[in-house]
Amino acid sequence: MAGKALKKRILKEVADNGGVDWLYDQIASGVTVAELARRYECSRSYISRSLNEVPEYKVALATAREEAADALVEQGLEHCSRLRAATIV
């Protein structure tokens with residue numbers, strides 16, 4: 001029973017915060033599912049399952065992860081460029 005109440009609370013809070021757009025923004029900006037799990041004091045797998053059961057949230061998670069991965073690659077390339085420029089000086 002406690003699990004169902006927690007799932008209901010998580011889904012309600014996500015919806016109240018802006019639903020799909022909020023979830024997308026969180027993940028795309030670098031917040032991990034593990035961090036969301038810590039906020040709700042549950043396991044990563046529990047919150048992942050709960051969110052992925054909502055089709056719109058599942059799509060938002062997948063596309064936001066791609067965006068976050070692209071951002072990480074860009075950051076890595078920027079760091080490499082700065083390091084290379086620093087060694088040339």
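Applying the side-chain hydrogen bond (donor to acceptor under 3.5 Å, both in side chains) test to Glu35 and every residue at least two apart in sequence or in another chain returns Thr32.
Here the side chains of Leu36 and Leu23 are in contact, with some heavy-atom distance below 4.5 Å. In this structure, Leu77 and Glu74 have side chains that are not in contact, with every pair of non-hydrogen atoms separated by 4.5 Å or more. Counting heavy atoms from C-beta on, the side chains of Tyr57 and Asn52 never come closer than 4.5 Å. Glu13 places none of its side-chain heavy atoms less than 4.5 Å from the side chain of Arg39.
Panel note: side chain Ser48, backbone Arg44; no donor-acceptor pair is recorded below 3.5 Å.
The two atoms that bring Ser50 and Leu11 nearest to each other are O-CD2, 3.9 Å, heavy atoms only. Annotation for Asn17 and Trp22: closest pair O-CB, 3.4 Å, computed over non-hydrogen atoms. Between Lys4 and Tyr46, the shortest heavy-atom distance links the atoms N-OH, 4.2 Å.
Under 3.5 Å, the side chains of Asp25 and Ser29 contain no donor-acceptor pair of N or O atoms.
For the atom pair CD1 of Ile27 and CD of Glu66, the computed distance is 13.5 Å after rounding to the nearest 0.5 Å. In this structure, the separation between CD on Glu56 and CG on Leu61 is 11.5 Å, given to the nearest 0.5 Å. Rounded to the nearest 0.5 Å, atoms OG (Ser43) and CZ (Arg49) are 6.0 Å apart. With values rounded to the nearest 0.5 angstrom, Leu51 atom CG is found 9.5 Å from Lys7 atom NZ.
With hydrophobic clusters built from ILVMFWY side chains whose heavy atoms lie under 4.5 angstrom apart, Tyr24 does not share a cluster with Val14.
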